[in-house]
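Indexing begins at 1, ligand by ligand and atom by atom, following the structure's order. What you see is a predicted model, and the numbers here were worked out from it, not measured in a lab.
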Amino acid sequence: MQLFRKTLDEKAFQLLKEKMEQGLLPQWVVTDPELYELEIEKIYGHSWQFLGHESELKEPGSYVTRWMVNDPILLVKNRNGEINAYLNSCTHRGTQLCTADRGNKKSFTCPYHGWSFNLDGDLIGIVAGNKVYGEEMDKSEWGLRKVPQIGIYQGMIFGNLDPNAESLEDYLGDMKWYLDMMMGRSDGGMEVIGLPQRWVAKANWKATAENFAADPYHVQTTHRSTVEMGISPEDPLYAGYGHQVVMDHAHGINVITSKTGEARVPFQGTPESMWPMFKKNVTPEQYDILSRVTVFVGGVYPNLSFVSPIHGTEGHLHNYLNFRLWRPIGPEKVEVWCWFFIDKAAPKEYKEAAYKGYLGSFGPTGTLEQDDTETWARIVEVSSGLMMRDKELSYNNVSNYLMGMNRIEPDENFPGPGTAYPTCYLDAISRKMHEEWLELISKDLFVKEGV
Ligand code: FES
Ligand SMILES: [Fe+2]
């Protein structure tokens, strides 16, 4: 057995690539610290990262503070209604400028020496200004640093640290069709209610992202209690009916339906009064899917996941959209950010009931959340052992991603874009996520060695 001192050993990478082509994932990649640094630089330094939703910034002066991995971000609406993203750091000595989660301000004053900045990030005030710096201090050179690119789609705000990255719309690609269906079905779109919940979990971001984007297979076992309580069906295949759709950049969605493809509950339990509005806002193909779907669950690579389930009991059913951002804060930790979205046009009482349902299932008080969190922590624990860290794979220390490989053919009749397979018990999205991951982290990796 051999623990390479250098993770970026070419031999280990070669073996990694070979195994991944066979549908296997060497387990050492899960929490390897050097690889983690590489992921942050090569993936997060160039990808579109979710920052928030337009409904969180209602008025001029509204702001929220967010993170792009370790970069603190200040997202703010200016007087013209434009949303900008700045590094939340004072240009004087760099301390965090705004320390609140959200609020509304005319300007931001630094807690350290009192410099102040307006809603456009311009430096507008220096304590004792000319007396300490003289006449020549040019304030225009000391404005807040902007996140190089910001993009908005269906109200979702994303940022990118790479000024040369492709546009957000190009990056989302085929996923836009599915986002339009989920987020554009109602007049006024979706809105966020409350603050996003946040907590730290012992988990690796790759495992959590995959759990949501690509793994309906875990549902019937991990969340067995929902079957025992009579909320989910006994049939062990129940979360597998429907289509798994794989897209460029490793975005993916599972459109889970019923065994027959008919609706278990029409339009996921939304009030019937809303259905004509859906019809008006989406295409006939999207409307048909909305009428029959049980759960949408998927992800925008690298670290945004979403789930749109049916919750409640007969006569009190509701549907909401939950966004989850897995902010990596180390190879063995994520800060989970969890947003509750609901159709802006939904009746007030329905929104309230749906919010209660969400709190019972997801977030720190949610039962489903606790099921998942425990499994993720155990993956981290196991991955830190000597056997799992062996890069020569002498212990056959690989995970199995063989489900459906070279066996399930795409369903050409599925109306949505992307490659759609006629089952959700499938590792197609996972394999695509691994492929994307390897491509991004290996970019220019061995150039110096002449490879
Ligand atoms: S660090 Fe902000 S004013 Fe000095
Ligand atoms: Fe789960």
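- Look at Cys110 and atom 4 (Fe) of ligand 1: no N/O/S atom of the residue is under 2.8 Å from the metal.
- Atoms of ligand 1 found under 4.0 Å from any heavy atom of Cys90 (numbered from 1 in listed order, with element): 1 (S), 2 (Fe), 3 (S).
- By the 4.0 Å N-to-carboxylate-O rule, Arg327 lies close enough to Glu335 to be salt-bridged with it.
- Close approach of ligand 1 to Tyr112 is summarised as follows: ligand atoms under 4.0 Å from at least one heavy atom of the residue are 1 (S), 4 (Fe).
- Side chain of Asn78 to main chain of Gly61: no donor-acceptor pair is present (N/O by atom type, distance under 3.5 Å, no hydrogens or angles).
- Just one of Phe117, Trp115, Tyr63 meets the ring-ring contact (aromatic ring centres under 6.0 Å, His included) condition when paired with Phe108; it is Tyr63.
- Each of the following atoms of ligand 1 lies closer than 4.0 Å to a heavy atom of Trp115: 3 (S).
- Centroid-to-centroid, the aromatic rings of Phe296 and Phe306 stay 6.0 Å apart or farther.
- Asp372 lies close to the Fe ion (ligand 2), since one of its N, O or S atoms is found at a distance under 2.8 Å.
- For Glu436 and Lys432, the salt-bridge test fails: no basic side-chain N is under 4.0 Å from an acidic carboxylate O.
- Residue Arg93 approaches ligand 1 through these ligand atoms, each under 4.0 Å from one of its heavy atoms: 1 (S).
- Under a 4.0 Å criterion applied to the non-hydrogen atoms of Gly114, ligand 1 contributes the atoms 3 (S).
- The protein heavy atom nearest to atom 4 (Fe) of ligand 1 is His113 ND1, 1.9 Å.
- When the N, O or S atoms of His92 are ranked by distance to atom 4 (Fe) of ligand 1, ND1 comes first.
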Passes side chain to side chain donor-acceptor pair (under 3.5 Å), Thr270 versus Asp343? Steps please. CA-CA 10 Å; Thr270 49; Asp343 306 74; over 6 Å; no
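- With His53 as reference, Phe341 is the one residue of Phe341, Trp339, Tyr153 to meet the ring-ring contact (aromatic ring centres under 6.0 Å, His included) rule.
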